[in-house]
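Along the sequence shown, residues are numbered consecutively beginning with 1.
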Amino acid sequence: MKTSLRLLNAIGRASSRSQSTSFIGLGRMGHEMAYNLFSKQFAQANESEFVVCDAIPECAQSFRSNFMKQYPGAKINVANTPEEATLASQTIITMLPSSPQVLSVYNNGIIPILRKLPADQTHSTLCIDSTTLDVDVARSVTKDVTETGSQMVDAPVSGGVTGAKAATLAFLVGGTITAFKQAQPTLALMGQRIIHCGPSGAGLGAKICNNLVLGVQQIVVGEAMLLGMKLGLDPAVLSSVISSSTGNCWSISVNNPVPRALPEKSPPCERDYEGGFASALMLKDMGLASNVAAMAGCPIPLGQAAEALYAQMIEEQPELARKDFSSVYKFLQKTAEERKAVKLGVVSP
């Protein structure tokens with residue numbers, strides 16, 4: 001591990017580590033969450049210190065530069081590795097793509113450092129992982145972290161990029177009561193609802209169930225909007241009817257997939273489906289649901305059909321993989337225009 005001299009000097013004092021927070025993973029969600037967290041912590045105590053770390057160093061450098069412009073007096077450093085981030089801070093938050101990245105960051109970076117720290121610093125460390133990943137992986141990582149003497153919670157979020165930016169996220173937390181209470185003040189700076197769902201892995205179980213509903217819901221909203229327009233209905237009128245009727249849901253009233261269907265709002269469809277929850281991530285979450293359902297012996301026929309549809313969409317229109325998952329409407333629209341069949345079935349492992 002190569003640690004920069006500048007950062008080593010900054011973390012050499014235990015007192016410095018106790019008032020520092022590290023955020024690892026500055027993607028669409030992580031960037032907004034870290035910005036809200038750091039700005040509010042800085043407002044509460046301007047002696048607070050911050051560390052950012054990302055697999056793409058330029059992202060971390062850009063974050064630091066932008067934050068310093070708005071908060072010139074802030075103490076914010078860039079960590080080159082998760083090891084540096086762990087050395088620097090008593091509170092470590094990770095927001096990563098999925099299970100492989102969590103395993104790499106924790107097993108190769110965070111946990112080895114926790115084992116080497118003085119006992120008092122290890123015992124005062126809190127790890128918060130907001131990644132949506134396999135429940136078994138989360139439980140395994142939490143076990144390894146807590147065996148060092150540190151505390152850890154899984155705290156996946158609901159609310160999307162919009163909620164992250166507005167600090168209105170819901171955090172679905174799994175972990176011990178002690179760890180939950182320790183994490184709660186930090187999470188409250190990034191969200192509105194902090195829900196203790198149960199022991200380690202429970203937060204992820206709740207998140208996977210929620211996204212199972214959401215993934216299916218967004219498809220049927222796209223189907224209904226496409227069918228209605230083919231029947232001659234104005235999209236804004238149809239959206240108003242459904243949102244005030246029994247079909248109302250988040251996918252119709254907030255994340256509507258049809259431009260101009262929500263005249264007073266700005267869902268991703270108004271920006272060519274940019275800036276939302278990527279279709280590739282929704283496919284990942286549907287896969288997580290299929291995996292845990294198979295292990296639990298629970299049938300999810302609609303979930304498996306939705307997973308297959310997202311997979312077909314990304315295979316046939318790879319440009320939609322990074323677009324908001326409401327772009328499934330565009331896939332359905334193109335499929336209708338080309339009079340092609342939609343393949344529904346089980347995605348091959």
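- To the nearest 0.5 Å, atoms CG (D285) and NZ (K207) are separated by 5.5 Å.
- When all heavy atoms are compared, the tightest approach of P267 to R271 is O-NH1, 3.5 Å.
- Counting only heavy atoms from C-beta outward, the side chains of N108 and E83 never approach each other to under 4.5 Å.
- No donor-acceptor pair under 3.5 Å is formed between the side chain of Y273 and the backbone N or O of A278.
- When all heavy atoms of C127 and L114 are compared, the closest pair comes out as SG-CD1, 4.4 Å.
- Hydrophobic clustering, defined by side-chain heavy atoms of Ile, Leu, Val, Met, Phe, Trp and Tyr closer than 4.5 Å, groups I195 together with L172.
- Between the side chain of T335 and the backbone N or O of F331, at least one donor-acceptor pair lies under 3.5 Å.
- Formation of a donor-acceptor pair under 3.5 Å by the N36 side chain with backbone atoms of M190 is not found in this model.
- Counting heavy atoms from C-beta on, the side chains of Y329 and E223 never come closer than 4.5 Å.
- Between V258 and M229 there is a side-chain heavy-atom pair separated by less than 4.5 Å.
- Other members of the cluster containing L227 are L231, with ILVMFWY side chains joined at under 4.5 Å, either directly or via other members.
- Counting only heavy atoms from C-beta outward, the side chains of L169 and Q192 never approach each other to under 4.5 Å.
- For the residue pair A179 and V153, the shortest heavy atom distance occurs at CB-CG1, 3.5 Å.
- Remark: the backbone N or O of Q61 is paired with a side-chain donor or acceptor of S65 at under 3.5 angstrom.
- Between D144 and R139, no side-chain nitrogen of the basic residue sits less than 4.0 Å from a carboxylate oxygen of the acidic one, so the salt-bridge criterion is not met.
- Using a 4.5 Å heavy-atom cutoff, the side chains of V52 and L26 are in contact.
- Here the side chains of Q317 and K334 are in contact, with some heavy-atom distance below 4.5 Å.
- Under the 3.5 Å distance criterion, the side-chain polar atoms of T94 are left unmatched by any main-chain donor or acceptor of I24.
- Side-chain contact of E49 with S16: a donor-acceptor pair under 3.5 Å is present, judged by distance alone.
- A continuous path of hydrophobic side-chain contacts links I242 to L233 [ILVMFWY only; heavy atoms under 4.5 Å].
- Around CD1 of I177, the count of heavy atoms belonging to other residues, nucleotides or ligands within 6.0 Å exceeds 12.
- Contact annotation: the side chain of Y106 approaches that of V145 to within less than 4.5 Å [non-hydrogen atoms, C-beta and beyond].
- V161 approaches R28 most closely through the heavy-atom pair CG2-CB, 4.0 Å.
- Residues I93 and L189 share a hydrophobic cluster, clusters being chains of Ile/Leu/Val/Met/Phe/Trp/Tyr side chains in contact below 4.5 Å.
- Heavy atoms only, all atoms of each residue included: S98 and K284 are closest at OG-CD, 3.2 Å.
- Looking only at atom types and distance, the side chain of R193 has no donor-acceptor partner in the side chain of T168 under 3.5 Å away.
- Between D272 and K330 the shortest side-chain heavy-atom distance falls below 4.5 Å.
- Around atom NZ of K40, more than 12 heavy atoms belonging to other residues, nucleotides or ligands sit under 6.0 Å away.
- Taking OG from S326 and CD1 from I252, the interatomic distance works out to 11.5 Å, rounded to the nearest 0.5 Å.
- Between S48 and Q41, the side chains place no donor N or O within less than 3.5 Å of an acceptor N or O (distance only, hydrogens not considered).
- Between E316 and K340 there is a salt bridge, with a side-chain nitrogen of the basic residue lying less than 4.0 Å from a carboxylate oxygen of the acidic one.
- Residues passing the side-chain hydrogen bond (donor to acceptor under 3.5 Å, both in side chains) test with Q217 are S251, sequence neighbours excluded.
- The ring-ring contact (aromatic ring centres under 6.0 Å, His included) analysis of residues 148-195, with sequence neighbours excluded, yields the pairs F180-H196.
- Taking CE of M313 as the start and CD1 of I219 as the end, the distance is 8.5 Å to the nearest 0.5 Å.
- For T142, there are no side-chain hydrogen bond (donor to acceptor under 3.5 Å, both in side chains) partners two or more places apart in sequence or in a different chain.
- The ring-ring contact (aromatic ring centres under 6.0 Å, His included) check on Y35 picks up F63, F67, with sequence neighbours excluded.
- Taking NZ of K143 as the start and CE of M152 as the end, the distance is 13.5 Å to the nearest 0.5 Å.
- A donor and an acceptor atom, one from each side chain of S89 and S20, are located under 3.5 Å apart.
- One finds the CG atom of N66 at 11.5 Å from the CZ atom of R64 (value rounded to the nearest 0.5 Å).
- The heavy-atom pair separating E307 from S290 by the smallest distance is OE1-OG, 2.6 Å.
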